[in-house]
Amino acid sequence: MNIENKLSSTTTVLFRKPKAMGILVFILLTAIILFVANQRYRLVQEDKRLEMSRILSTVKHNIDQSLKNSYTAALTLGLTINGDGVPKNFETVAAQLINSNRTLSSVQLVPDGVIKYIYPLKGNEKALGVDIFKLSKVVSLEAEKAIELRKMYFAGPIELQQGGMGIVGRMPLFFDNKFWGFSATVIKLDVFLKQAGLYDQMNNKFHFQLSKVNPVTGKEEFFLPVFPDYTTSSQETIDFPDGDWKLYVLASDAYKPHLKIIFPTIFSVLLAALTGFLVYLVFKKPAELQILVHDQASRLLENEIKFKTIFDQAAIGIMEVDSNTGTFLRINGKLCRILGYSEAELRQTTFQALTHPDDLKEDLRYFQQMRAGLIREFELLKRYYRKDGQVVWVNLMITPLWKPGTPPTSHITVVEDVTARVEAEQVAEEYQHRLESLINTIDGIVWEANPQTFDFSFISKKTEDILGYTAEEWLSSPTFWADHVHPDDRDWAIDYCVVCTRKLEQHDFEYRMMAKDGTIVWLRDIVNVIAEEGRAVLLRGIMIDITKQKQAERDLNHSFDLVTEQNKRLLNFSYIVSHNLRSHTSNIQSISTLIDTTNSDEERDEMIGLLKTVSDALNETLVNLNEVVNIQTNINIIVEPLNLSRYIEKTLNVLHDQIVLKHVVIVNKVTEDVLVNYNPAYLESILLNFIFNAIRYSDENRTPLIELSCHREDMMVLQISDNGIGMNLEKYGDELYGMYKTFNGNPDSKGVGLFISKNQIDAMGGKVSVESEVGVGTTFKIYFK
């Protein structure tokens with residue numbers, strides 16, 4: 001009855017001033033509308049900022065991709081340089097890079113800062129031979145910065161020597177920690193901006209600006225048309241440290257977000273005026289309003305009954321707590337069951353006494369913020385002590401019952417028992433931790449990847465120990481694995497994985513990857529294809545480092561080859577010893593028998609003379625065999641850098657008489673800068689034998705010509721060509737380097753020189769090959785290790 005009387009008296013007062021109520025409602029609604037309009041305007045402004053950030057993010061992704069492609073191209077180009085600092089297959093590799101990356105206009109190799117290799121050369125001739133350190137100071141400083149950072153740095157935009165504006169990415173190359181030069185990529189500025197998507201993103205709402213601080217003047221330079229007073233416009237920026245660029249996105253004057261607010265606001269104000277007028281009309285009907293108030297009071301009473309029923313029978317704990325003392329004012333049955341106390345027992349305690357000590361500080365901190373009006377409600381995961389001493393995890397949702405600006409009175413707390421869920425999460429977290437620890441202890445890289453794109457979704461931390469890359473670096477790029485497989489293995493490895501995955505076959509294969517420090521690591525990859533309904537859904541595998549095994553395998557094969565070669569030499573040597581010594585001893589034995597049986601002093605003297613001749617031949621054979629033994633058993637051969645051209649000249653001086661006698665024309669194309677690591681005595685012997693043979697077996701019907709030249713294949717090669725009588729290799733090729741093997745009927749030939757030279761070349765780790773045609777000439781190739 002008291003509630004009804006209060007409502008009735010209040011309503012009577014209001015009914016007396018219906019116009020004032022109408023105006024009050026209009027003012028209140030207008031205030032709410034203006035507040036909402038202001039918030040809407042802020043949201044539109046925020047949307048504009050987010051849209052600019054999204055555009056910047058898209059452009060940044062495109063630019064990063066372009067720079068990454070340039071980095072990959074420069075790195076691939078740098079790998080073409082061999083140990084002597086000379087590019088190998090530059091044109092072929094550069095053509096493939098240009099064809100696979102249309103962003104690049106050209107690629108360059110810049111040894112010592114001088115552009116010596118360009119592809120394509122057509123259209124870029126003006127840049128060939130340019131020393132970038134002698135160009136402008138800006139270009140020189142940016143090149144020096146790349147060397148100082150020891151990583152790829154993108155210079156520009158600058159005016160290119162071949163014309164137009166462009167961006168030059170220079171990767172410094174170091175061999176044995178010594179600067180060699182740059183591997184460079186060139187991107188035209190228009191292509192760079194188009195690839196970045198700036199032209200696609202430009203519209204009436206936003207403009208772009210690209211800038212860079214000039215390293216000489218220290219001033220910021222802009223490379224796109226400057227918009228009037230752009231510094232006062234709403235803008236977002238992003239930096240690119242690889243080129244020290246800054247990219248702006250600016251809101252244009254045509255972008256007017258307030259237009260989206262004005263018309264809805266005007267309409268809402270008109271609607272508020274209409275509402276105020278309707279309130280005025282409603283308040284003119286007091287009787288109807290009193291009935292309405294009576295009905296509302298009845299509904300309020302009904303809702304209170306429903307609330308009490310819900311409070312007492314709810315499936316979650318509910319309590320009303322005194323916000324000043326922490327005592328319980330109202331408690332439902334579910335809360336008593338959660339905490340194990342009766343309602344009477346709970347009324348005698350406080351929530352602070354039941355809270356776990358480790359959670360009390362956090363609970364009170366939130367509560368003090370709510371009391372101070374900083375927050376209106378909060379949710380918290382905490383622990384309570386049950387009556388039996390057990391800990392129960394609960395999720396609290398706390399809402400104050402006092403109005404803002406008034407002193408705190410009480411608050412409602414909803415308590416949900418989540419003990420089972422928390423314990424399950426703890427078990428799952430512990431299991432996950434154990435699983436990760438187990439994976440990281442495996443002596444291999446455990447991984448998971450998408451079977452269609454080979455984009456890795458998981459990689460164990462072991463990758464950092466084996467390859468040097470962190471798991472975050474690996475997962476940052478969807479093509480990281482393919483990009484870091486050794487170039488010689490990349491195509492077949494990817495094709496092999498695609499075929500096996502398509503057939504749902506498990507595969508086990510070996511390939512090479514480039515480690516972070518630039519070394520090559522051999523991996524054995526054991527891949528398991530996870531399939532569902534005949535379709536591959538996941539690839540899971542383990543990469544095992546087999547680099548040491550591969551090295552051991554190579555060493556074993558090398559040792560096997562050495563043993564095989566030694567066995568061949570030993571067998572050949574034993575054959576030589578048994579054959580040649582047996583013939584001499586047989587002759588001595590026969591002559592000795594004849595001496596014993598002859599009665600004539602004259603015949604005996606003749607036999608003794610023959611015995612001396614055979615003895616001298618035996619001694620010469622033993623000397624030759626001893627030299628071969630020394631060559632094949634000497635494991636401490638002195639090796640030093642020798643100037644090949646000077647040793648050739650020295651040999652020609654020794655053979656001067658023979659050269660003059662036979663009118664031999666010598667053409668020595670070996671330059672003064674050719675050095676070989678060799679034993680001096682061996683080199684003299686080899687050159688003397690091969691050049692002397694070329695003179696000895698010259699053709700009497702034409703002027704003898706001997707040509708010496710040098711080039712590099714897998715090893716340094718000395719080529720000795722003559723136009724002599726030649727030989728039949730099909731007939732004598734297998735016996736060419738045999739001891740005492742002669743093929744030309746020359747009485748001076750003993751068949752020892754080539755045999756010894758071949759043994760000396762083999763002992764130095766080299767090899768010799770021959771091409772010959774009867775009546776045309778002979779060419780020997782001597783390979784220096």
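Residues D359 and T355 bring no donor and acceptor atom of their side chains to less than 3.5 Å of each other.
Counting non-hydrogen atoms of neighbouring residues, nucleotides and ligands closer than 6.0 angstrom, the NZ atom of K550 exceeds 12 such neighbours. Atom CG of N99 sits in a crowded spot, with more than 12 heavy atoms from other residues, nucleotides or ligands closer than 6.0 Å.
The main-chain N or O of I445 is never found under 3.5 Å from a side-chain atom of S460 such that the two would form a donor-acceptor pair.
In this structure the side chain of T103 never reaches within 4.5 angstrom of the side chain of N69, judged on heavy atoms.
Interatomic distance, D363 CG to L396 CG, rounded to the nearest 0.5 Å: 6.5 Å. For the atom pair CD (E125) and CG (L121), the distance works out to 5.0 Å, reported to the nearest 0.5 Å. Atom OH in Y117 sits 9.0 Å away from atom OG1 in T80 (nearest 0.5 Å). Taking CG of L467 as the reference point, atom NZ of K462 lies at 12.0 Å (rounded to 0.5 Å). Within the model, atoms CG of D508 and CG of N528 stand 11.5 Å from one another, a figure rounded to the nearest 0.5 Å.
Between F480 and F456, a ring centre-to-centre spacing not shorter than 6.0 Å is recorded.
A perpendicular orientation is assigned to the rings of H484 and Y469, their planes being inclined by more than 60° (bins at 30° and 60°). The aromatic rings of F454 and W481 sit tilted, their planes meeting at an angle between 30° and 60°.
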